[in-house]
Student: 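Provided herewith is a single structure, encoded as C-alpha cells, for subsequent inquiry.
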Amino acid sequence: YNKSHHSLEKLELDDHVFNDTTRFLVVKGFKNQKSVMQYVNEMQNNNDLLINIPSNNYTHFCIAIENYSVLFKAKVINEYMDFYKKIYIQ
C-alpha cells in the first residue's frame, strides 16, 4: 500500500509488541501532522486493506514520537485512546 500510494514519502514500517495481546504496526517518516492525519483517514476509509482482520481487532491512530515512548513504557493504551479521541476525533 505504501509503495503504491505513498512512494514519494519514504515511509518506514516497524512491528512492535506492546503486550501479550497487542501489537503496533508503526508507520514513520511523515513530514508533518497534516500528512499523518491524511494517512490515518486513508487507512480508516480503505475497507479492502485489512479485509482479513475483523474490525474490532484493530484501530488506527497517530501519536508523536515523544508520546509513543511514554505510552510504550507506561502501557496506558486506554488512557491514550481517550486523549486521542478527545483531541483528534471531533
Student: Go through it in stages, so that I can follow the logic: the residues are F30 and H6, the test is side chain to side chain contact (heavy atoms under 4.5 Å, CB included), and I'd like the CA-CA distance, side-chain angles, deciding distance and then a yes or no.
Tutor: CA-CA 10 Å; F30 296 97; H6 296 276; 5.7 Å; no
Student: For N45 and N41, indicate whether the former's side chain and the latter's backbone hold a donor-acceptor pair under 3.5 Å.
Tutor: yes
Student: Please confirm whether the backbone N or O of Y1 pairs with a side-chain atom of S4, one donor and one acceptor, at under 3.5 Å?
Tutor: yes
Student: With rounding to the nearest 0.5 angstrom, report the CG to CE distance, N32 to M37.
Tutor: 12.0 Å
Student: Show the atom names and distances, to 0.1 Å, of all donor-acceptor pairs under 3.5 Å that link a side chain in residues 65-77 to residues at least two apart or in another chain.
Tutor:
| unit_1 | atom_1 | unit_2 | atom_2 | d |
| --- | --- | --- | --- | --- |
| Y68 | OH | H16 | ND1 | 2.5 |
| S69 | OG | I65 | O | 3.3 |
| K75 | NZ | F18 | O | 2.8 |
| K75 | NZ | F72 | O | 3.2 |

Student: Work out which heavy atom in C62 is nearest to a heavy atom in V36; give both atom names and the distance.
Tutor: CB-CG1, 3.2 Å
Student: For Q33, is the CD atom crowded, meaning more than 12 foreign heavy atoms sit under 6.0 Å from it?
Tutor: no
Student: Treating Ile, Leu, Val, Met, Phe, Trp and Tyr as nodes and any side-chain heavy-atom pair under 4.5 angstrom as an edge, say whether I87 and V40 lie in one connected cluster.
Tutor: yes
Student: For the CG atom of N2 and the NZ atom of K10, what is their distance to the nearest 0.5 Å?
Tutor: 13.0 Å
Student: Nearest 0.5 Å please: distance from the OG1 atom of T59 over to the CD atom of Q44.
Tutor: 7.0 Å
Student: Where do E9 and Y39 land on the side chain to side chain donor-acceptor pair (under 3.5 Å) test, with the steps shown first?
Tutor: CA-CA 11 Å; E9 294 176 71; Y39 188 89; over 6 Å; no
Student: For F61, run the ring-ring contact (aromatic ring centres under 6.0 Å, His included) check against F83, Y80, Y88 and tell me which one passes.
Tutor: Y80
